[in-house]
Protein chains: 4
Amino acid sequence: MRLKDEQKIDLFFASTLTLVGQVGLVGLTMPLIAKQSGVAIGTLYIYFKNKDDLIHALYKEVKKRFGATIFIGFSPELPVEEGFRVIWENSLRYTVSNFPEQLFLQQFIASPYKREDQAMAVARPVMAPLAQLLERGQRQGLLKPDTECLIPSLLFGFVQQIAAHIHHTPARLTKTFMDTSFRFLWDAIRG
Amino acid sequence: MRLKDEQKIDLFFASTLTLVGQVGLVGLTMPLIAKQSGVAIGTLYIYFKNKDDLIHALYKEVKKRFGATIFIGFSPELPVEEGFRVIWENSLRYTVSNFPEQLFLQQFIASPYKREDQAMAVARPVMAPLAQLLERGQRQGLLKPDTECLIPSLLFGFVQQIAAHIHHTPARLTKTFMDTSFRFLWDAIRG
Amino acid sequence: MRLKDEQKIDLFFASTLTLVGQVGLVGLTMPLIAKQSGVAIGTLYIYFKNKDDLIHALYKEVKKRFGATIFIGFSPELPVEEGFRVIWENSLRYTVSNFPEQLFLQQFIASPYKREDQAMAVARPVMAPLAQLLERGQRQGLLKPDTECLIPSLLFGFVQQIAAHIHHTPARLTKTFMDTSFRFLWDAIRG
Amino acid sequence: MRLKDEQKIDLFFASTLTLVGQVGLVGLTMPLIAKQSGVAIGTLYIYFKNKDDLIHALYKEVKKRFGATIFIGFSPELPVEEGFRVIWENSLRYTVSNFPEQLFLQQFIASPYKREDQAMAVARPVMAPLAQLLERGQRQGLLKPDTECLIPSLLFGFVQQIAAHIHHTPARLTKTFMDTSFRFLWDAIRG
DNA sequence: TATGAATGAGCATTCATTCAT
DNA sequence: CATGAATGAATGCTCATTCAT
């Protein structure tokens, strides 16, 4: 008996993200995922109950990966500005080099797959370190007060647009680029 | 084409946007559009060659509407900061109160419907006044230099995230909200 | 526009019964029904919401037809024995010449299609004249007392087996055959 | 074949009959049989070449069991009426307490599994004692003449309907019930 | 033997599109 | 113009069967 292969799930995730990058959630079909993965359709249904299940599992995974990445090298001891710079650079680097994941998140959120319930609950805890950083910065008077979630909105909106821009043009994500864009961000949010 | 027809096209556009708000591009079908519009399916095919055609026409229309709205009250004579404030408030107001259009744009761009060719060409000319404002601001040293399209990225990314946030929470778009958020924007981009 | 054709439903019913006669409920598929009917698969779904719906509609129809047939020429004024003879001959003739309907009923009842609820409710009222005949016969002492539904069990079980027998052998349903078999029935149930 | 294997086959037969009672032949699948039996799917294919094979083996088995049961306590020396009574009570008891087997037979006969050839051949020899009893009864003038297989039709049709009735109602198979029903049977067929 | 992952044909169903009315 | 019945390709999914372990 072949053993159920955990790697296969990663393969399916990768195939799905590739396809989302090519045809969007709109064009995503189980036959396509199977073909892209080099397995028979039936195999997909060994690892996932149905398409919905696959998509939700991928959503969780992508959220997790993003959360795991953007805080690399970050520590609550870092000065506020440094903390933001680390998160900024991580976010930018990750989002630019994993553009399909970005697309997937956007498309997912505005699709019939989104169920208000459990799926969204993933977001909160993952972002806790950022929330604490915001709070600390505001306590120290280093950040503008923000009761309306403006700072995260700006941060993630900005990242998203930059990633899209880089993806659609020959532009590359250089050190200068990250410095310059961080200047924009920091000037926007500092107190 | 008679007036009656124009009204019908608007009806189809409105129905489509409503549905995109409910089920996303993923769930959008011709039967649904027909039902939402109160016409028979066949009727849709009198006004549009096919689904692709309908969606592209709507894309053009939405782009046009957005372009027509964000420059209301704007004039090249306005001081740079004032000009930005006008555009900012227009964008924010429009995007918040036409959230399905926002969703449609996002979903469209990453879908099999997007054809590299003509569709994207619409964007450029519509945004010309903004491009000129940016240029003027930079010439006058009022804006940071921006060779990488960072300012539009920040502007539109920020707007998008705010609209999504307001759409998913009980928050409302108050005058204070617009002032505060504009402060973020302006601090980010001013030289 | 073609008009929705009521005859088409009869066509689908006939095709389905033919197929049940050939491959049973087990082998019944929507593609087969479509092919047997000479229409595209999609057409089936214009007339029936789904396979389940089609099968239940057919069940109701078959029940109705059987009920409508077995009382032809019957009247509550008929002497009890005469009444039974009429019903017997009708049942026999109908069941023998519509054997697939018989199969369908049997298979349906013991299938996942059977829903305890509404479908079974059809049976009762249709059989009312028989119930009254039984009661009258017993009141007049012409029939054995029967608190256990034995008479209907014998009547319908006998018919069913005879029909199956005739269907599987070269035997034909002659007048003599009907007389002889009625003798069996009447001797069994008369008081 | 070892004892262990025989037990497993019985297990598979029992599981299959249970499932037929629950979902009919229509809903019977190999995964279900495996799960109901507590083995892996592959195991089924060690004992049976394929689904068809399993079902035919079960058909033979059920026929055999029925044949083995209805003649318990019967002997060609018994007076004709007594003989019938024994067979009647055996049939009734067996059919009522093994209703899924009854369903299986009915469903099988009108399914794509039925192959005209070997399967049906089982029936004849099994019923030989009954055929002899009929012949003896007719020779002695105790039974009506029956060239059309009416007596077996009545016997088995009646049993079937009674079993179904008992299965669908709270009725129980009492001694009185068997006496009363036998009266019906005997009156029908006696000369 | 026993397992269950893998396969792919086949089913139920939907939906973009056509066209007779 | 407007209709909606008809079409059939394509989707999501199941299941009989195989085979590596």
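Chain naming here is simple, since letters A, B, ... match the order of the sequence lines and numbering starts at 1 in each.
For C:I46, the listed nucleotide lying nearest its side chain is F:dA6; candidates were E:dA5, F:dG4, F:dA6. Here the side chain of A:K8 is nearest to one of F:dA6, E:dA6, F:dC13, namely E:dA6. The side chain of A:T43 approaches E:dT7 more closely than any other nucleotide in the set E:dT3, E:dT13, E:dT7. Out of F:dA16, E:dA2, E:dA16, the shortest distance to the side chain of D:K51 is found at F:dA16. Distances were taken from every side-chain heavy atom of A:P31 (C-beta onward) to each of F:dC15, F:dG12, E:dA16; the shortest belongs to F:dG12.
Atom-to-atom, OH of A:Y45 to C1' of F:dC15 comes out at 13 Å; the value is rounded to the nearest Å. When rounded to the nearest whole Å, the span between CZ of A:F12 and P of E:dA5 equals 12 Å. The distance from atom CD of C:Q7 to atom P of F:dA5 is 16 Å, rounded to the nearest whole Å. Here the P atom of nucleotide F:dC13 and the OH atom of A:Y47 are 18 Å apart, to the nearest Å. As a whole-Å value, the separation of D:N50 CG from F:dC15 C1' is 14 Å. For the pair A:I33 CD1 and F:dC13 C1', the interatomic distance rounds to 13 Å; values are reported in whole Å.
Relative orientation of the C:F48 and C:F13 rings is tilted, given thresholds of 30° and 60° on the angle between their planes.
Distance check, rounded to the nearest 0.5 Å: CG of B:D10 to CD of B:E61 gives 6.5 Å. Taken to the nearest 0.5 Å, the CZ atom of D:F12 stands 5.0 Å off from the CG atom of D:L44.
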After noting the C-alpha distance and the side-chain angles of D:L25 and D:I55, does the key distance pass the side-chain contact (heavy atoms from CB on, under 4.5 Å) rule? CA-CA 10 Å; D:L25 246 203; D:I55 286 181; 4.1 Å; yes

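Aromatic pair C:Y59/C:F108: ring centres closer than 6.0 Å.
Nearer to the 5' terminus of DNA chain F, by closest-nucleotide assignment, is the contact made by C:A40 (compared with the other of D:K49 and C:A40). Along DNA chain F, the nucleotide nearest A:I41 and the nucleotide nearest B:L44 are compared for position; the residue whose nucleotide lies closer to the 5' end is B:L44.
Under the 3.5 Å distance criterion, the side-chain polar atoms of B:T43 are left unmatched by any main-chain donor or acceptor of B:V39.
Looking only at side-chain heavy atoms (C-beta outward), C:F66 and C:N98 stay at 4.5 Å or farther from each other. With contacts defined as side-chain heavy-atom distances shorter than 4.5 Å, the pair A:L32/A:L28 does not qualify.
For DNA chain E, the neighbouring residues in residues 21-30 of chain B, judged by any heavy atom under 4.0 Å, are B:L28, B:T29, B:M30.
Side-chain N/O atoms of D:Q160 and D:Q106 include a donor and acceptor closer than 3.5 Å.
Counting only Watson-Crick and G-U wobble pairs whose two distances sit under 3.5 Å, DNA chain F takes part in these stems of three or more pairs: E:2-21 with F:2-21.
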